[in-house]
Amino acid sequence: MLDSTLCNWLDTHAEELDSGICDPQQVLCKLAKAEVLRVGISPHLGGTGRNLADAVELLATVASHSMTAAFVLWGQRTFIEYVLKSSNFALRERLLPSLLDGKLAGATGLSNAIKFISGIEALQLRGSVSERGWALNGGLQWVTNLRRSGFVVAVAVEDERSGKPFIMAVPSSSIGLNRSDDLQLLGLQSSNTAALEFAQVDVGRDWLLHEDAAVFLPSVRPGFLGLQCGLSIGLARRALKEVEIHLRHDRSILIEPLLAQRSKLEDMVGELKAGLLDGRFRVQPAALFCLRIALAQSAADAVQLELQASGGKAYLTKHGCGFARRWRESAFIPIVTPTLVQLRYELDRQQSCG
Ligand SMILES: Cc1cc2nc3c(=O)[nH]c(=O)nc-3n(C[C@H](O)[C@H](O)[C@H](O)COP(=O)(O)OP(=O)(O)OC[C@H]3O[C@@H](n4cnc5c(N)ncnc54)[C@H](O)[C@@H]3O)c2cc1C
């Protein structure tokens with residue numbers, strides 16, 4: 001259950017979060033205050049217990065109110081997963097308390113790395129060995145949750161000498177790290193999304209998350225993708241709820257597709273949670289890829305059905321702003337990494353290998 005103060009704040013500010021009128025600095029503080037960052041993390045590490053499936057459920061609930069807030073939550077929570085999965089316990093001890101209470105923003109700049117392990121693009125950051133650790137050079141086109149008051153970002157780096165990729169956490173205070181102005185977006189504008197440039201950024205070995213990206217990325221993938229599925233689930237549930245409200249007055253012809261879509265969606269949610277809990281996605285990533293594709297389709301179908309249930313009213317700015325936002329939010333689902341195109345490419349590749 002989501003804290004009612006947070007629910008009300010999200011409902012009141014959903015449009016402003018999407019259009020960028022809402023101060024992006026606030027989002028993480030509100031999420032932290034409602035304790036949503038701690039769900040699915042053991043109490044002895046500072047969490048409130050429960051499991052990853054509960055964290056997905058919570059993320060879906062936030063997404064049903066605001067995709068911007070949910071994506072910020074995804075960035076923060078996924079970064080926390082990296083820290084939890086890292087064997088650098090000193091780094092975990094150093095960062096975890098401030099990540100969990102929202103004082104430090106955690107950002108995940110690993111789209112490039114995910115494309116890299118699928119053979120789609122080269123790594124965009126290179127590291128040469130320095131006295132303390134590595135000097136990093138290169139850039140990332142997109143990263144969310146780059147809070148102006150300070151952040152730490154996870155990146156994949158190609159070692160210039162060995163060619164081997166590794167995963168670092170880089171603090172925003174690093175000299176030579178440059179955050180661009182916020183990118184101007186179709187929606188999700190209050191998400192602190194910007195580009196990063198690295199010019200001889202000297203980062204010590206004590207910021208190493210994992211020395212081998214090829215081992216680390218598959219180990220964090222179920223959390224990364226599972227939490228991301230929460231975005232589709234929340235949007236689909238909300239759009240279907242809106243359909244139900246419209247059908248109380250009119251268009252009963254749509255009752256059947258509403259019930260069919262809802263039942264299919266909840267079956268997939270059950271499958272996702274079961275797979276996250278029994279660990280099957282670690283050995284069968286294709287099953288998770290298929291679910292991510294199908295859930296994205298569910299979100300798109302649900303928003304389409306909301307449009308049909310609403311009719312022309314949806315096109316009037318006076319009545320349709322919630323729908324218009326969900327329409328824009330739905331455009332984000334297929335293009336967030338791993339994009340639907342990347343997933344199809346990966347499934348195709350695995351089929352030709354198997
Ligand atoms: C709102 C938002 C937030 C995001 N947050 C994150 C994040 O936190 N971490 C993360 O790692 N990734 C983030 N991404 C990136 C996302 O996950 C995908 O990698 C991105 O959408 C590109 O997907 P693609 O592979 O389909 O496109 P690509 O194949 O990468 O690009 C398609 C074409 O568009 C061009 N292009 C792509 N991006 C840009 C850009 N920014 N400026 C100019 N040209 C561009 C490419 O050069 C190419 O020609 C975010 C994207 C969006 C829209």
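In what follows, residues are counted from 1 in the order of the sequence shown. All ligand and atom numbering here is 1-based and tracks the order in the structure.
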Please confirm whether [X] comes within less than 3.5 Å of ligand 1 when only nitrogen or oxygen atoms on both sides are compared.
X: Thr193; result: no
X: Thr339; result: no
X: Lys115; result: yes
X: Asn112; result: no
X: Trp74; result: no
X: Phe71; result: no

[atom] within contact range, any protein heavy atom under 4.0 Å:
atom: atom 32 (C) of ligand 1; answer: no
atom: atom 46 (C) of ligand 1; answer: no
atom: atom 41 (N) of ligand 1; answer: yes
atom: atom 49 (O) of ligand 1; answer: no

With the threshold set at 4.0 Å, does a side-chain nitrogen-carboxylate oxygen contact exist between [X] and [Y]?
X: Glu158; Y: Lys164; result: no
X: Glu57; Y: Lys273; result: yes
X: Arg326; Y: Glu329; result: no

*Between Thr108 and Thr78, do the side chains contain an N or O donor and an N or O acceptor separated by less than 3.5 Å?*
no

*Do any pairs count as a ring-ring contact (aromatic ring centres under 6.0 Å, His included) and have a residue in residues 281-303, sequence neighbours left out, and if so which ones?*
none

*Using a heavy-atom cut-off of under 4.0 Å, does the side chain or the backbone of Ile120 touch ligand 1, or both, or neither?*
neither

